[in-house]
Amino acid sequence: MTGIDWAGLMQVGLHGLGLQPDAFWRLTPVELRIKLGAQASAAPLTRARLEDLARAFPDVKREPTDG
């Protein structure tokens, strides 16, 4: 696992977005992503989509020799 690039995030937030330090530190990670132009996250998984996936990728019983 890699660490968070705080210096890079601060550079973008303070210089790129023109935020004051106190405003930068009050942002939630989601708010920062939005300000940086990140696309909205994927829609939540609905029951209908789950059923579609279950049909497309049914559970199969594996043999002990399958690994």
Asks: Using the rule that two of Ile, Leu, Val, Met, Phe, Trp, Tyr join whenever any of their side-chain heavy atoms come within less than 4.5 Å, decide whether V60 and L53 are in one cluster.
Replies: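 No, V60 does not connect to L53 through the hydrophobic network.
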Asks: With rounding to the nearest 0.5 Å, note down the distance linking CG in L19 to CH2 in W25.
Replies: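 Answer rounded to 0.5 Å: 12.0 Å.
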Asks: Sort and list the pairs that fulfil side chain to side chain donor-acceptor pair (under 3.5 Å) and have at least one residue in residues 3-22, not counting sequence neighbours.
Replies: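 Listed by first then second residue: D22-R26.
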Asks: Quick one: does K35's side chain get under 4.5 Å of F24's, heavy atoms only?
Replies: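 No, every pair of side-chain atoms sits at 4.5 Å or beyond.
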Asks: Output, in order, the C-alpha distance, side-chain angles, deciding distance and verdict of side-chain contact (heavy atoms from CB on, under 4.5 Å) for E31 and I34.
Replies: CA-CA 5 Å; E31 291 169 332; I34 290 169; 5.7 Å; no
Asks: Is there a continuous path of hydrophobic side-chain contacts, each under 4.5 Å between heavy atoms, that joins V30 to L32?
Replies: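 No, V30 does not connect to L32 through the hydrophobic network.
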Asks: Hey, what do you get for CG (L27) to CZ (R33), rounding to the nearest 0.5 Å?
Replies: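 So the gap between those two atoms works out to 13.5 Å.
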